[in-house]
Number of protein chains: 2
Amino acid sequence: MSPTPQERRAARHQLGAGPNTSGARRGPGGRRRPITVDAIIDTAFGIVEREGYEALTMRRVAAALETGPSSLYAHVVNKEDLDELLIGRLCAGIDLPEPDPADWRRQLIGVCTQLRDQYLRYPGISRAAFAAAPSNLDTLRVSEGMLALLLAGGIEPRAAAWALDALVLYVNAYSLEVSMVNSRLAGGEQHWVVGREELMRRFAALPDTFPHTKRHAAELTAGTVPDRFDFTLGLMIDGLGGARRDA
Amino acid sequence: MSPTPQERRAARHQLGAGPNTSGARRGPGGRRRPITVDAIIDTAFGIVEREGYEALTMRRVAAALETGPSSLYAHVVNKEDLDELLIGRLCAGIDLPEPDPADWRRQLIGVCTQLRDQYLRYPGISRAAFAAAPSNLDTLRVSEGMLALLLAGGIEPRAAAWALDALVLYVNAYSLEVSMVNSRLAGGEQHWVVGREELMRRFAALPDTFPHTKRHAAELTAGTVPDRFDFTLGLMIDGLGGARRDA
DNA sequence: TGTGGTCACGAACACCGTTCTACTCCAGAA
DNA sequence: TTCTGGAGTAGAACGGTGTTCGTGACCACA
């Protein structure tokens with residue numbers, strides 16, 4: 001009766017009319033809490049939050065659940081499937097505002113910032129977001145919300161659709177890069193990632209083949225990381241100015 | 001006398017004043033061509049070009065060189081190091097135009113397009129570009145060239161530096177996503193990636209919770225993939241309009 | 001001719017995702 | 001109450017990964 005993992009995955013991509021099957025069944029005697037998809041997702045999130053996406057392994061999840069790796073495959077098709085479930089739940093937690101035509105830019109930036117913060121909370125998970133198919137219902141929900149904001153801002157539908165793609169892609173890429181740099185800063189003792197002042201010193205010490213990089217070493221290394229995020233989002237959204245429907 | 005792989009890596013990041021050591025040493029009797037860093041890079045590129053970045057394995061490279069995996073570690077520190085070498089050589093092949101203040105936008109788009117085409121020629125290799133440190137001299141050369149174009153366009157240095165980051169990040173992300181979709185289209189027989197018409201049909205069949213996605217299914221799936229690339233680049237570069245130095 | 005050092009390579013270690021197969025345990029039928 | 005079937009669990013194993021260790025061959029030079 002309970003659907004096989006493959007069926008659940010299909011439902012996730014096709015139509016959300018599934019019965020949801022949220023009744024977490026457990027034995028009355030409570031001998032040992034049975035493995036559920038939700039339990040798998042929870043422990044997976046815990047691992048990623050603590051040790052990063054690189055550490056997210058089927059074996060690690062199974063060990064945290066005090067079982068063997070093979071037990072997971074009764075609930076999850078794949079590691080790829082697990083990734084998709086994680087991205088889905090992450091997207092499900094995003095607040096989508098009611099579009100306000102007078103404030104759509106700030107609203108849009110707010111959604112992107114929520115996404116970024118969630119991605120950064122689980123370092124490296126945006127790598128899984130790259131692989132997530134666009135037909136997943138949870139990610140589609142976020143896309144729909146962002147599309148609504150763009151349309152409320154009077155952006156022409158075709159430009160809105162393409163800008164949506166660009167924004168989502170940038171948020172993913174930004175989060176992935178920040179996560180990678182952070183993890184290398186934390187993990188390696190004497191790794192190749194260097195601090196800002198060291199990077200600036202190194203830029204200034206470059207040969208004369210790099211005149212602009214040398215001269216503007218200060219600007220190149222200036223600004224906090226979130227500053228750059230806001231800057232780029234502004235860049236893209238302001239670039240949409242020419243694509244207004246009423247223009 | 002010949003530098004250890006670690007020393008070569010350090011030289012790659014610190015100063016390009018190294019003697020280059022391009023003399024591919026080989027035995028006069030020519031019993032068997034010795035393994036060189038260049039030979040490793042060449043065969044690695046071949047593998048990625050033919051079978052994608054996922055197939056790039058130390059063992060695969062070693063097998064193509066008719067040796068064991070451990071033989072590579074005398075010339076290359078790591079797989080990460082090999083990745084960096086690949087990105088470096090790829091960047092070394094990029095043509096950087098002499099900045100023309102009247103044509104800097106087209107020139108900049110041209111450089112980005114070159115990067116994209118190289119990334120797409122070696123599917124999935126942009127994943128390695130994400131991990132490449134910005135202190136690599138070859139990637140720095142490309143950054144320098146793009147920075148020169150932005151400055152020639154009269155963009156304020158700080159905005160130019162941040163826009164540079166944003167552009168490079170977007171090109172990487174775009175290439176990675178396109179590569180992933182392509183590989184899934186080619187590899188899986190009945191995979192989850194669906195064609196455009198099927199995706200549009202599925203969008204149109206969504207429940208009423210997705211009104212905008214339903215209504216604009218045509219726009220959402222319209223346009224070729226390179227069209228979207230040019231659109232986003234234009235978005236970002238046009239958004240720079242307000243950051244002109246002379247404005 | 002000897003010798004030292006560089007390089008190559010087979011074997012092994014610890015991991016990974018995934019599958020096969022046996023086994024437990026409980027719900028429902030007789 | 002007993003039997004039976006099936007769902008869920010788990011151990012062992014397969015083929016793959018990056019990386020290291022120790023051994024061995026080879027060539028340039030003293």
Q. Whole-Å distance between D/dG18 P and A/Glu54 CD?
A. 14 Å

(Q) Rounded to whole Å, how long is the line connecting atom CZ of B/Arg60 with atom P of D/dG18? (A) 11 Å

Q: For B/Ser70, answer base if it contacts any base atom (sugar-phosphate contacts may also be present), sugar-phosphate if it contacts only those atoms, and nothing otherwise; contact means non-hydrogen atoms under 4.0 Å.
A: base

Q | Whole-Å gap separating C1' (D/dT19) and CG (B/Asp81) | A | 14 Å

Q.
Please report the distance, rounded to the nearest Å, between CD in A/Glu80 and P in C/dC16.
A. 19 Å

Q. So, do B/Phe229 and B/Tyr174 have ring centers that fall under 6.0 Å from each other?
A. yes

Q: Please report, rounded to the nearest Å, how far the P atom of D/dG16 is from the CG atom of B/Leu56.
A: 17 Å

Q: Between C/dA8, D/dT19, D/dA10, spot the one nearest the side chain of B/Met58, thanks.
A: D/dT19

**Q.** Lys/Arg N to Asp/Glu carboxylate O, B/Glu197 vs B/Arg201, below 4.0 Å
**A.** no

Q. Can you tell which of D/dT9, C/dC9, C/dG17 lies closest to the side chain of A/Tyr73?
A. C/dG17

Q. Considering only heavy atoms from C-beta outward, does the side chain of A/Phe203 approach that of A/Lys214 to under 4.5 Å?
A. no

Q: Could you check A/Ser71 against A/Ala55 and say which one's nearest nucleotide on DNA chain C is further toward the 5' end?
A: A/Ala55

**Q.** Closest nucleotide among C/dA12, C/dG17, D/dA10 to the A/Arg59 side chain
**A.** C/dG17

Q: Measure from the side-chain heavy atoms of B/Thr57 and tell me the nearest of C/dG17, D/dT17, C/dC9.
A: D/dT17

Q) What is the distance from CG of A/Asp83 to C1' of C/dT18, rounded to the nearest Å? A) 15 Å

Q.
Looking at C/dT18, I'd like to know if its phosphate oxygens (OP1 or OP2) sit under 4.0 Å from a side-chain N or O belonging to A/Asn78.
A. yes

(Q) Check this one for me: any side-chain N or O of B/His75 less than 4.0 Å away from OP1 or OP2 of C/dC7? (A) no

Q: Please state how far atom NZ in B/Lys79 lies from atom P in D/dG16, giving the value in whole angstrom units.
A: 17 Å

Q: Find the distance B/Ile40:CD1 to C/dC9:C1' and express it as a whole number of Å.
A: 14 Å

(Q) Can you see if the side chain of B/Thr67 gets near the phosphate of C/dA8 - specifically, an N or O under 4.0 Å from OP1 or OP2? (A) no

**Q.** Aromatic ring proximity A/Tyr53/A/Tyr122, centre distance under 6.0 Å
**A.** no

Q | Within-4.5 Å side-chain heavy-atom neighbours: B/Leu137 and A/Leu206 | A | yes

